[in-house]
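This report concerns only the one structure given below.
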Number of protein chains: 2
Amino acid sequence: MSRVVTTYHQRIAQEKRALILTAATALFLELGYDRTSLARIAERSGVSRATLFKQFPSKAALFDAMVTESWSTADDEAPPPAGNIVDGLGIIGRRYAELLGRAQMTDLFRIVIAELPRFPELANAQFTHGKMPYFESVRGYLLAEHEAGTVRVDDVDLAATQFLGMISNYLFWPTLLVPGWEVSAERVAQVVDEAVRTMAARYAATGPGSSQAGSR
Amino acid sequence: MSRVVTTYHQRIAQEKRALILTAATALFLELGYDRTSLARIAERSGVSRATLFKQFPSKAALFDAMVTESWSTADDEAPPPAGNIVDGLGIIGRRYAELLGRAQMTDLFRIVIAELPRFPELANAQFTHGKMPYFESVRGYLLAEHEAGTVRVDDVDLAATQFLGMISNYLFWPTLLVPGWEVSAERVAQVVDEAVRTMAARYAATGPGSSQAGSR
DNA sequence: GAGGTGGTGAGTCGCTCGGCTCACCACTGG
DNA sequence: CCAGTGGTGAGCCGAGCGACTCACCACCTC
């Protein structure tokens, strides 16, 4: 991105910063905000406490940097299908399910929910990087299909929420509540498929279209 | 229930216990587990710290009692529609929406999610008093209608989850994330109605039944 | 009115926390 | 070779925490 001056001891400083963030991420996600002490972060990252305080002015700043960094790497790993609306609901739903299924993603959600009263600005990040891209994608798809006459959707916002809700309510909540919960890949695909079918049945343009039965 | 012996100073003790629980509930829900100190609970409840320690052996025990008590009063206020499955999806959905809409209910959800790693047994309570009764109710209704031939539902569990997910994803998540979020009663009813219609369209017995269009 | 139950308030203990300071060292770039 | 940047380790501080103790008191019941 920007031209990096690098090459002084600055490089070492950035390495230390990365080490701190890695350790902080692991500890915050595992223990929560209060039970994670800066001393343990320093110990785990192999960095002195003085360095930690020079890099991050306060515990809150470190926590904020950790969340921001986690979201950015999450975006890198699986970019949201922003503009591509022609692939239909299936691909969007599958990517959404994939996002919800990542283990450290649920941990991140958990701590964000827990610390929201203390860090209200995290709610924005949660929406911006989490649900919103997928919601917009579904919304755009439905809107385009509606205008094309393929489907008939009066309340697009509600319909999009319905679709994502059918997926997340099955895949996400148990993961958030039950520690070691896992859903097989087949079941994930099935859940998404069924959600797509339900949407097709509900919002068919006129009569029952191609989405009717489905023996499988 | 059980015959209460009462009438010694035991009654006073129970009053004190209730005062403690009330204060503890307010503080835990507002500040979270770690940031709530027993000293502040004692101060707020107007009870000495010694009394607090005699009533509850530890902070964890007090927290557990608080959650249990909150769930039981929640059940009293709106008993889950356990056996009554003839009223259909609408009444179940509306009661579910009413549960999710209560302000202190979201606070309770938040702290339970936050402290789950430390109190794993809370997950059971969350399921037992929260989602499960409504899930079972929807499930039972769909099963009965399926056997009656009114609808055709192959995967009852998935269908029930879809229904509740369409509701909770619209009403619950924003409430959990955005501090002062509110949804009007009309919109709540609309969301539930649309979820019912979607279910009817998807799981119609053969052709499109009575649930076809719906201009509104 | 005497006995006993239960509440009270103050105090103590050991511990951990976030935050901060400072003298000292390692290493790089000129 | 030497100046300077950045990391290090140890230590200190004030505060708050959960947990516990004990002498004292208020009140009801017999």
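Residue numbers begin at 1 in each chain, while the letters A, B, ... track the order of the sequences.
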Rounded distance (Å) that lies between atom C1' of C:dC20 and atom CG of A:Leu52: 13 Å

Please tabulate, one pair per line, all N/O donor-acceptor pairs under 3.5 Å involving side-chain atoms of residues 19-31 of chain A, not counting sequence neighbours.
unit_1, atom_1, unit_2, atom_2, d
A:Thr22, OG1, A:Ala18, O, 2.9
A:Thr25, OG1, A:Leu21, O, 2.7

A:Phe56 CZ to C:dG18 P, straight-line distance once rounded to whole Å: 15 Å

Whole angstrom value for the distance that separates C1' of C:dA10 from CD of B:Glu43: 15 Å

Pairs satisfying ring pair (Phe, Tyr, Trp, His ring centres under 6.0 Å), at least one member in residues 99-118 of chain B, at least two apart: B:Trp71-B:Phe109, B:Phe109-B:Phe172

All N/O donor-acceptor pairs, side-chain side in residues 177-184 of chain A, below 3.5 Å, sequence neighbours left out:
unit_1, atom_1, unit_2, atom_2, d
A:Ser184, OG, A:Glu186, OE1, 3.4
A:Ser184, OG, A:Arg187, N, 3.2

Student check: side-chain heavy atoms of B:Glu121 and B:Asp64 closer than 4.5 Å: yes

Using nucleotides 14-17 of chain C, report all nitrogen or oxygen pairs with the protein that are shorter than 3.5 Å.
unit_1, atom_1, unit_2, atom_2, d
C:dC17, OP1, A:Ser37, OG, 3.3

Given A:Leu89, A:Ile167, A:Ile92, the one that forms side chain to side chain contact (heavy atoms under 4.5 Å, CB included) with A:Val192: A:Ile167

A:Arg95/A:Glu98 salt bridge by N-O under 4.0 Å criterion: no

B:Gln104 CD: over 12 foreign heavy atoms closer than 6.0 Å: no

Geometric cation-pi criterion, A:Lys131 with A:Tyr96: 6.0 Å, 45°: no

Members of residues 17-25 of chain B that approach DNA chain D, where some heavy atom sits under 4.0 Å away: none

Nearest-nucleotide comparison on DNA chain C, the residue closer to the 5′ end among B:Val47 and A:Ala60: B:Val47

Length of the CG-C1' vector between B:Leu62 and D:dC17, whole Å: 15 Å

Every protein N/O within reach of nucleotides 20-27 of chain D N/O, cut-off under 3.5 Å:
none

Note: B:Glu194-B:Arg197 ion pair, threshold 4.0 Å (strictly below): yes

Phosphate OP1/OP2 of C:dT8 contacted by B:Thr51 side-chain N/O (<4.0 Å): yes

B:Gln162 versus B:Tyr203, side-chain donor and acceptor atoms under 3.5 Å: yes

B:Phe53 six-ring centre to B:Lys59 NZ/CZ under 6.0 Å and within 45° of normal: no

